[in-house]
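Worksheet for the structure shown next.
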Amino acid sequence: MVTGQETGDVALLDESIKRSSNTRQRVFSGIQPSGNFHLGNYLGAIRNWVDQQAAFDNIFCIVNLHALSQATTRETLRDNTLNLANVLLAAGLDPSQSIIFVQSDVREHAELCWLLSSVTQFGELRRMTQFKDKAGSKDEQVSAALLFYPVLQAADILLYDTNLVPVGEDQKQHIELTRDIAARFNMRYGETFVLPQPDIKATGARVMSLEDPTKKMSKSDANPNASIALTDDPDTIRRKIRRAVTDSGSDVVAAPDKPALTNLLTIYSLLSEEPISIIEARYAGKGYGAFKSDLADVVVSSLSSIQARLAELNQHPEIARSVLVDGAERARARAVAKMIQVRDSMGLGLY
Ligand code: AMP
Ligand code: TRP
């Protein structure tokens with residue numbers, strides 16, 4: 001669980017970076033084209049990417065090579081990739097302010113992953129929380145890609161001299177590993193990589209499951225009622241919120257012993273842009289029913305404009321395709337230049 005102190009510090013640091021610098025800081029983040037994009041992805045990551053995009057030099061990547069770490073099919077991966085591109089555009093990423101591209105279109109990611117694996121310890125990878133969660137007790141059978149996943153993520157980030165990585169709380173450990181890998185590389189081969197910082201917001205960085213507020217809302221949750229998908233229709237959203245678990249008692253308050261209400265109030269607050277205290281005061285003595293019904297309205301109306309844009313983009317797949325072709329070209333130019341430096345640092349290539 002993230003503490004306000006930690007994330008607050010990162011947010012403050014980010015403010016000072018923004019102010020003290022004349023050149024814009026480089027932002028890089030990625031998202032997997034797997035499963036259903038949900039409210040946690042939106043509030044923990046994409047909404048921040050969109051809100052901050054004018055302030056930074058941004059690169060956003062649909063990480064289809066990461067998605068290969070779990071079994072998928074050709075058709076599913078292709079469909080998910082295009083759908084996700086449409087979702088990112090519908091949510092407000094603007095190709096004139098941000099490079100948006102698909103990871104496998106820039107081969108340097110895979111190449112750098114291998115080079116970085118030489119300065120990554122097996123023990124570091126085996127200890128990653130995400131690996132342990134996903135591998136469970138079946139670590140003999142899961143793909144080696146699941147173990148290697150954070151090395152590829154480090155390659156994504158380091159390839160672009162990234163300063164800031166806006167992500168949800170679950171990615172903090174991977175960004176810390178990326179910093180360790182970069183520092184070790186720099187120590188061994190000379191100053192080559194910029195050490196990135198995670199950009200994790202104080203609220204919304206860990207949206208919890210509607211069915212179990214001790215678990216994060218996750219694409220891989222088998223229970224569709226645990227999360228609100230960006231594409232859920234209004235009736236589905238209302239039903240899921242109505243049946244969302246609550247805490248004992250009937251007060252609409254956020255508190256450590258009220259994880260379910262804290263989660264619902266956080267969602268309400270982020271979408272309505274009102275402080276939690278104002279919302280708590282509004283529902284004092286009114287009980288969970290009235291609160292949930294209004295929360296459903298807030299979610300439905302917040303998602304409706306994104307859904308309308310998404311429906312239009314789905315009708316015109318050529319728009320996303322051309323954004324991705326252009327994005328890959330721009331990302332590739334930067335990646336190729338960086339790899340010349342990396343190969344040279346490592347003593348690869350004599351001509
Ligand atoms: P993924 O779904 O793993 O591809 O994650 C894409 C982005 O969404 C990452 O920055 C994650 O940290 C973020 N994210 C995923 N689940 C949540 C959640 N439940 N709450 C907040 N952020 C999340
Ligand atoms: N591992 C990230 C996730 O599951 C996705 C990701 C891949 C990423 N490469 C990245 C995020 C680089 C930030 C930066 O959410």
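The structure presented is a predicted model; accordingly, all values stated were derived computationally and were not measured.
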Rounded to the nearest 0.5 Å, what separation is found between the [atom1] atom of [X] and the [atom2] atom of [Y]?
X: S220; Y: K134; atom1: OG; atom2: NZ; result: 5.5 Å
X: M217; Y: S209; atom1: CE; atom2: OG; result: 7.0 Å
X: F56; Y: Q25; atom1: CZ; atom2: CD; result: 7.0 Å
X: L39; Y: L303; atom1: CG; atom2: CG; result: 6.0 Å
X: R206; Y: D170; atom1: CZ; atom2: CG; result: 6.5 Å
X: S302; Y: L230; atom1: OG; atom2: CG; result: 11.0 Å

Find out whether [X] and [Y] are in side-chain contact, i.e. whether some heavy atom of one side chain is under 4.5 Å from a heavy atom of the other.
X: V165; Y: D199; result: no
X: L164; Y: P196; result: no
X: V194; Y: L158; result: no
X: I100; Y: L324; result: yes
X: I31; Y: W49; result: yes
X: Y283; Y: L295; result: no
X: V27; Y: I59; result: no
X: D156; Y: L112; result: no

> Mind checking whether F291 and Y268 have ring centres under 6.0 Å apart?
Replying inline: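 Between F291 and Y268, the centre distance is under 6.0 Å.
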
Minimum heavy-atom separation for [X] to [Y], with atom names?
X: R47; Y: E273; result: NH1-OE2, 4.1 Å
X: I279; Y: S272; result: CD1-OG, 4.2 Å
X: L264; Y: V245; result: CD1-O, 4.5 Å
X: I99; Y: G327; result: CG2-O, 3.4 Å
X: N223; Y: N225; result: OD1-N, 2.8 Å

Are [Y] and [X] connected into the same hydrophobic cluster when the rule is that any two of I, L, V, M, F, W, Y join if their side-chain heavy atoms are below 4.5 Å apart?
X: V63; Y: I175; answer: no
X: I276; Y: V298; answer: yes
X: L195; Y: V342; answer: no
X: V106; Y: I340; answer: no
X: L84; Y: L65; answer: no

Show every donor-acceptor pair shorter than 3.5 Å between a side-chain atom in residues 144-153 and any protein atom, with sequence neighbours excluded, or say none if there are none.
unit_1	atom_1	unit_2	atom_2	d
Y149	OH	Q32	NE2	2.9
Q153	OE1	H174	ND1	3.2
Q153	NE2	Q171	OE1	3.3

>> Once ring-ring contact (aromatic ring centres under 6.0 Å, His included) is applied, what residue pairs with a partner in residues 242-267 remain, sequence neighbours excluded?
In response: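 Applying ring-ring contact (aromatic ring centres under 6.0 Å, His included) to every pair that reaches into residues 242-267, excluding sequence neighbours, yields nothing.
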
Donor-acceptor contact below 3.5 Å, side chain [X] vs main chain [Y]:
X: N58; Y: Q97; result: yes
X: T72; Y: L68; result: no
X: K240; Y: P224; result: yes
X: S98; Y: P95; result: no
X: S29; Y: V167; result: no
X: H38; Y: N41; result: yes
X: K338; Y: T192; result: yes
X: T236; Y: D232; result: no
X: R26; Y: T162; result: no

Residues two or more places apart in sequence or in another chain: which of them pass salt bridge (Lys or Arg N to Asp or Glu O under 4.0 Å) with [X]?
X: R332; answer: none
X: R282; answer: E274
X: K215; answer: D221
X: R238; answer: D297

> How about S301 and S304: does a side-chain donor come under 3.5 Å of a side-chain acceptor?
Replying inline: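 No, because no side-chain N or O of S301 sits under 3.5 Å from a partner of the opposite role on S304.
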
> Side chains of N64 and T81: donor-acceptor distance under 3.5 Å anywhere?
Replying inline: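 Not at all, the side chains of N64 and T81 share no donor-acceptor pair under 3.5 Å.
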
> With sequence neighbours left out, which residue pairs that include part of residues 242-263 fulfil the side chain to side chain donor-acceptor pair (under 3.5 Å) condition?
Replying inline: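 Checked against side chain to side chain donor-acceptor pair (under 3.5 Å) - neighbours excluded - the pairs reaching residues 242-263 are E211-R243.
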
> Please walk me through it: do R309 and N86 pass side-chain hydrogen bond (donor to acceptor under 3.5 Å, both in side chains)?
Replying inline: CA-CA 9 Å; R309 281 196 295 271; N86 282 334; over 6 Å; no

> Going through the distances and angles, do T266 and S269 end up as a side-chain hydrogen bond (donor to acceptor under 3.5 Å, both in side chains)?
Replying inline: CA-CA 5 Å; T266 302; S269 164; over 6 Å; no

All ring-ring contact (aromatic ring centres under 6.0 Å, His included) counterparts of [X], not counting sequence neighbours:
X: F101; answer: H109
X: Y288; answer: none
X: F185; answer: Y189, F193

>> Show, in sequence, the C-alpha distance, side-chain angles and deciding distance for L271 and Y42, and conclude whether the side-chain contact (heavy atoms from CB on, under 4.5 Å) test is met.
In response: CA-CA 10 Å; L271 292 176; Y42 181 61; 4.3 Å; yes

> Which is it for L270 and V207 under the side-chain contact (heavy atoms from CB on, under 4.5 Å) test, yes or no, and what are the steps along the way?
Replying inline: CA-CA 11 Å; L270 286 167; V207 175; 5.5 Å; no

> So which pairs with a foot in residues 178-187 pass salt bridge (charged side-chain N to carboxylate O under 4.0 Å, His left out), sequence neighbours left out?
Replying inline: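 Non-adjacent pairs meeting salt bridge (charged side-chain N to carboxylate O under 4.0 Å, His left out): E124-R184.
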
> Restricting to pairs with a member in residues 93-113, which pass salt bridge (charged side-chain N to carboxylate O under 4.0 Å, His left out), not counting sequence neighbours?
Replying inline: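 Qualifying pairs: E111-R343.
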
>> Apply salt bridge (Lys or Arg N to Asp or Glu O under 4.0 Å) to residues D235 and R239 and explain how you reach the verdict.
In response: CA-CA 6 Å; D235 285 347; R239 180 177 50 74; over 6 Å; no

>> Tell me if the CZ atom of R78 is crowded by more than 12 foreign heavy atoms within 6.0 Å.
In response: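 Open.
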
